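Please read the structure below before turning to the comments.
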Amino acid sequence: MSANVFLVPIDPENFDRTVRSTVDLTEYDGRPDALADVDEARLWAVADDSGNGSTFERMEPDDLVLFYHEDEYVATARIGQTFVDEDRWVSGTFWTAFPTTRVYTIESFTPISVPKRGVNTIFDYSSSYTPGFMRVADSRVTRDLSTIESALDAYTKRNSETTAEA
């Protein structure tokens, strides 16, 4: 069972195009071997200028990903497969200003709305901490991944009900 958690910053436009919505890959020729037999997928990647690649190399199927933009976590998901796209087909086909070779597919996508401080509390970071793309250290992941997902989902539901009542 996986216990890796990744905190991943997003560009909203690219994220909406390939994670929030699935991509129909049957419409495209020349796709990488890793996607050759896949009809649709949610796709994201690690920027080529993001470290030395060791964090990407630690990503495994079913790892938990928490996507954030500015001061809010906007979705949870699980890693499907990872692959190196040497031709940058994925980034060249779908994303603007995001050339990259380190791509991964997304499974179990769930939109959330949780402030940064809420996620920071879960992993025992200071309330104002803003991560870059990173893997949360094992010592900070003190709960089962499904428990973390459930807590974030519950927070989102509780806040949306409170907001709707206001």
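Please read these numbers as outputs of a predicted model, since none were measured by experiment.
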Query raised in the report: Do the side chain of R42 and the main chain of E107 share a donor and acceptor less than 3.5 angstrom apart?
Result: no
Query raised in the report: Does D48 reach the main-chain N or O of T101 with its side chain, forming a donor-acceptor pair under 3.5 Å?
Result: yes
Query raised in the report: T156 side chain to S113 main-chain N or O, any donor-acceptor pair under 3.5 Å?
Result: yes
**Report entry** Note, V136 side chain near L66 side chain (heavy atom, < 4.5 Å)
**Finding:** no
Query raised in the report: If you take all heavy atoms of L43 and W95, which pair is closest and at what distance?
Result: O-CZ2, 3.5 Å
**Report entry** Single-linkage hydrophobic cluster L152~F67, side-chain heavy atoms < 4.5 angstrom
**Finding:** no
Query raised in the report: G132 and P9: which non-hydrogen atoms are nearest, and at how many Å?
Result: C-CD, 4.1 Å
Query raised in the report: Does any pair with a residue in residues 126-143 pass side-chain hydrogen bond (donor to acceptor under 3.5 Å, both in side chains), and if so which ones, sequence neighbours excluded?
Result: N4-R135, K116-T130, R135-D138
**Report entry** Gap separating the CD atom of E40 from the OG1 atom of T105, nearest 0.5 angstrom
**Finding:** 12.0 Å
Report task. Working to the nearest 0.5 Å, report the span between OG1 of T82 and CZ of R102. Result -> 11.5 Å
Query raised in the report: What orientation do F98 and W44 show, parallel under 30°, tilted 30 to 60°, or perpendicular over 60°?
Result: tilted
Query - Pair R17-N14, side-chain donor/acceptor within less than 3.5 Å - result: yes
Query raised in the report: Minimum heavy-atom separation for A45 to T100, with atom names?
Result: CB-CG2, 3.3 Å
Query - CD1 on I79 to CE on M59, rounded to 0.5 Å - result: 4.0 Å
Requested in this report: Write down the atom of I10, the atom of H69, and the distance for their closest heavy-atom approach.
Outcome: O-ND1, 3.5 Å
Query - Rounded distance [0.5 Å steps], CD in E60 versus CD in Q81 - result: 14.0 Å
Requested in this report: Name the orientation class of the two ring planes belonging to Y68 and Y73 (parallel below 30°, tilted from 30 to 60°, perpendicular beyond 60°).
Outcome: tilted
Query raised in the report: Do you know the tightest heavy-atom contact between A3 and V141?
Result: O-CG1, 3.9 Å
Query raised in the report: For W89, does its backbone N or O pair with a side-chain atom of D87 as donor and acceptor, under 3.5 Å?
Result: no
Query raised in the report: Same hydrophobic cluster for I148 and F6, using side-chain heavy-atom links shorter than 4.5 Å among ILVMFWY?
Result: no
**Report entry** Note, Y125 side chain near L7 side chain (heavy atom, < 4.5 Å)
**Finding:** yes
Query raised in the report: Do V114 and V8 share a hydrophobic cluster, counting only Ile, Leu, Val, Met, Phe, Trp and Tyr and linking them when any side-chain heavy atoms are less than 4.5 Å apart?
Result: no
Report task. List in chain and number order the residues that pass side-chain hydrogen bond (donor to acceptor under 3.5 Å, both in side chains) with D24, two or more places apart in sequence or in another chain; answer none if no residue qualifies. Result -> T26
Query raised in the report: Can you find a heavy atom in the side chain of Y155 that is under 4.5 Å from one in the side chain of I122?
Result: no
Query raised in the report: In this structure, which one of V103, V23, L25, D85 forms a side chain to side chain contact (heavy atoms under 4.5 Å, CB included) with L35?
Result: L25
Query raised in the report: Taking the side chain from S108 and the backbone from R78, do they hold a donor-acceptor pair closer than 3.5 Å?
Result: no
Query - Within one Ile-Leu-Val-Met-Phe-Trp-Tyr cluster: V84 and V46, side-chain cutoff 4.5 Å - result: yes
Query raised in the report: Do F83 and D33 have side-chain heavy atoms sitting under 4.5 Å apart?
Result: no
Query - Evaluation steps, side chain to side chain contact (heavy atoms under 4.5 Å, CB included), between V74 and R20 - result: CA-CA 10 Å; V74 299; R20 200 172 296 280; 4.2 Å; yes
Query raised in the report: Transitively linked via ILVMFWY side-chain contacts under 4.5 Å: V65 with F123?
Result: no
**Report entry** Minimum heavy-atom distance S91-P99, with the two atoms named
**Finding:** OG-CA, 3.6 Å
Requested in this report: Over 60° means perpendicular and under 30° means parallel, so classify the ring planes of F109 and F15, tilted if in between.
Outcome: tilted
Query raised in the report: In terms of the angle between their ring planes, are Y104 and F56 parallel, tilted or perpendicular, with boundaries placed at 30° and 60°?
Result: tilted
Query raised in the report: Would you say E149's side chain and T76's backbone share a donor-acceptor pair under 3.5 angstrom?
Result: no
